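Have a look at the structure below before the remarks.
Computed from a predicted model, the values in this text were never measured in an experiment. One is the number of the first residue; the rest follow in order along the sequence.
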Amino acid sequence: EAIAACTRLIRERADATGIALTVRADGALPQIRVDELKFKQVLINLLANAVKFTPRGGRIDVTATATRAGLEIEVRDTGAGMKAEDIPLALQPFRQVGEHVAGREQGTGLGLPLAKAFIELHRGSIAIESECGRGTTVRVVIPKSRFVAKTRARAS
């Protein structure tokens with residue numbers, strides 16, 4: 001539900017800039033115990049960055065899968081990308097990296113650092129892979145320990 005809500009918010013902006021946005025989620029995703037507002041903020045930050053740095057005609061793919069590690073959400077774009085050595089800098093507050101920043105709408109440099117902090121508050125992890133001119137993939141994992149246990153109906 002959170003993924004659907006956040007992609008609905010971003011879809012209009014993606015459509016207006018000619019970016020294809022696709023979402024693929026396993027049908028039986030687990031319910032997770034998270035601060036809903038912070039979790040949605042993570043998704044919005046990742047999606048907004050993907051739209052911001054993906055040129056017209058590009059694409060953004062969002063996938064959500066239950067894995068052995070937990071709930072894995074991936075946001076993959078065909079945007080500007082960044083150098084591998086710039087990734088740690090991009091995770092620092094108030095930092096923006098890459099040539100793509102010049103001439104683009106400016107931000108605060110807080111999107112990725114906040115996403116990282118909020119995911120880590122939930123004992124999760126965030127990993128970024130990127131290549132200049134080819135795009136960026138951000139993978140967030142919410143651990144299985146945050147899954148809501150299914151309860152069995154009691155016999156009367």
Side-chain angles (χ1 to χ4, degrees), residues 2-26 29 32 34-146:
I3 295 168
C6 293
T7 53
R8 271 193 308 274
L9 286 172
I10 295 293
R11 185 169 302 282
E12 184 177 329
R13 197 165 147 205
D15 290 346
T17 55
I19 298 169
L21 174 60
T22 62
V23 180
R24 192 187 71 217
D26 285 351
L29 290 176
I32 54 175
V34 292
D35 179 310
E36 185 177 0
L37 196 56
K38 285 180 175 55
F39 184 68
K40 285 181 176 179
Q41 186 64 55
V42 167
L43 296 175
I44 291 291
N45 287 353
L46 298 181
L47 291 165
N49 275 354
V51 170
K52 182 177 179 179
F53 297 114
T54 299
R56 181 172 291 283
R59 60 180 300 110
I60 300 167
D61 297 307
V62 180
T63 59
T65 311
T67 68
R68 286 183 178 194
L71 176 63
E72 186 174 298
I73 300 168
E74 187 175 275
V75 178
R76 178 183 304 259
D77 68 56
T78 59
M82 60 185 135
K83 297 175 189 168
E85 60 267 22
D86 285 342
I87 293 171
L89 296 174
L91 290 166
Q92 293 177 12
F94 307 110
R95 298 292 301 260
Q96 292 187 325
V97 298
E99 303 79 42
H100 58 273
V101 174
R104 287 289 213 152
E105 75 181 77
Q106 296 296 309
T108 60
L110 289 174
L112 286 175
L114 280 175
K116 182 179 186 294
F118 289 164
I119 290 302
E120 289 175 350
L121 281 173
H122 291 89
R123 296 195 172 104
S125 64
I126 186 168
I128 302 173
E129 296 173 13
S130 191
E131 188 177 339
C132 283
R134 299 191 61 101
T136 300
T137 300
V138 181
R139 186 172 302 107
V140 169
V141 178
I142 302 294
K144 273 191 167 180
S145 62
R146 305 297 298 189

Inspect the surroundings of CD in Glu36 and state if more than 12 heavy atoms from other residues, nucleotides or ligands are less than 6.0 Å away.
no
Is the count of non-hydrogen atoms from other residues, nucleotides or ligands lying under 6.0 Å from Glu85 atom CD greater than 12?
yes
Show the nearest heavy-atom pair for residues [X] and [Y], with the distance to one decimal.
X     : Y     : answer
Gly79 : Pro55 : CA-CD, 3.9 Å
Gly58 : Thr78 : CA-OG1, 3.3 Å
Val75 : Ala50 : CG1-CB, 4.1 Å
Ala64 : Ile3  : CB-CD1, 3.5 Å
Leu21 : Ala14 : CB-CB, 4.3 Å

Pairing residues for [X] by the side chain to side chain contact (heavy atoms under 4.5 Å, CB included) criterion, not counting sequence neighbours:
X      : result
Thr65  : Asp26, Thr67
Ile119 : Val42, Val140, Ile142
Ala117 : none
Lys38  : Asp35, Phe118, Leu121, His122

Do Arg11 and Val23 come close enough that some side-chain heavy atom pair is under 4.5 Å?
yes
Could you tell me if the side chain of Ile60 sits less than 4.5 Å from the side chain of Ile19, heavy atoms only?
yes
Pairs of donor and acceptor atoms involving the side chains of residues 124-131, under 3.5 Å and at least two apart or interchain, shall be tabulated with distances.
residue: Ser130; atom: OG; partner: Met82; partner atom: N; Å: 2.8
residue: Ser130; atom: OG; partner: Met82; partner atom: O; Å: 3.4
residue: Ser130; atom: OG; partner: Gly135; partner atom: O; Å: 3.2
residue: Ser130; atom: OG; partner: Thr136; partner atom: OG1; Å: 2.7

State which residues pass salt bridge (charged side-chain N to carboxylate O under 4.0 Å, His left out) with Arg146; sequence neighbours excluded, sorted by chain then number.
none
Glu72: what forms a salt bridge (charged side-chain N to carboxylate O under 4.0 Å, His left out) with it, not counting sequence neighbours?
Arg139
From [X] [atom1] over to [Y] [atom2], what is the distance, rounded to the nearest 0.5 angstrom?
X     : Y      : atom1 : atom2 : answer
Asn45 : Leu112 : CG    : CG    : 7.5 Å
Arg8  : Leu47  : CZ    : CG    : 12.5 Å
Ile10 : Ile44  : CD1   : CD1   : 4.5 Å

Examine distances only and state if a side-chain atom of Thr54 and a backbone atom of Val51 form a donor-acceptor pair shorter than 3.5 Å.
no
Would Thr137 and Glu74 count as a side chain to side chain contact (heavy atoms under 4.5 Å, CB included) if you check the C-alpha gap in whole Å, the side-chain angles of each, and the deciding distance to 0.1 Å?
CA-CA 7 Å; Thr137 300; Glu74 187 175 275; 3.4 Å; yes
With sequence neighbours excluded, tell me which residues meet side-chain hydrogen bond (donor to acceptor under 3.5 Å, both in side chains) with Asp61.
Thr22, Arg59
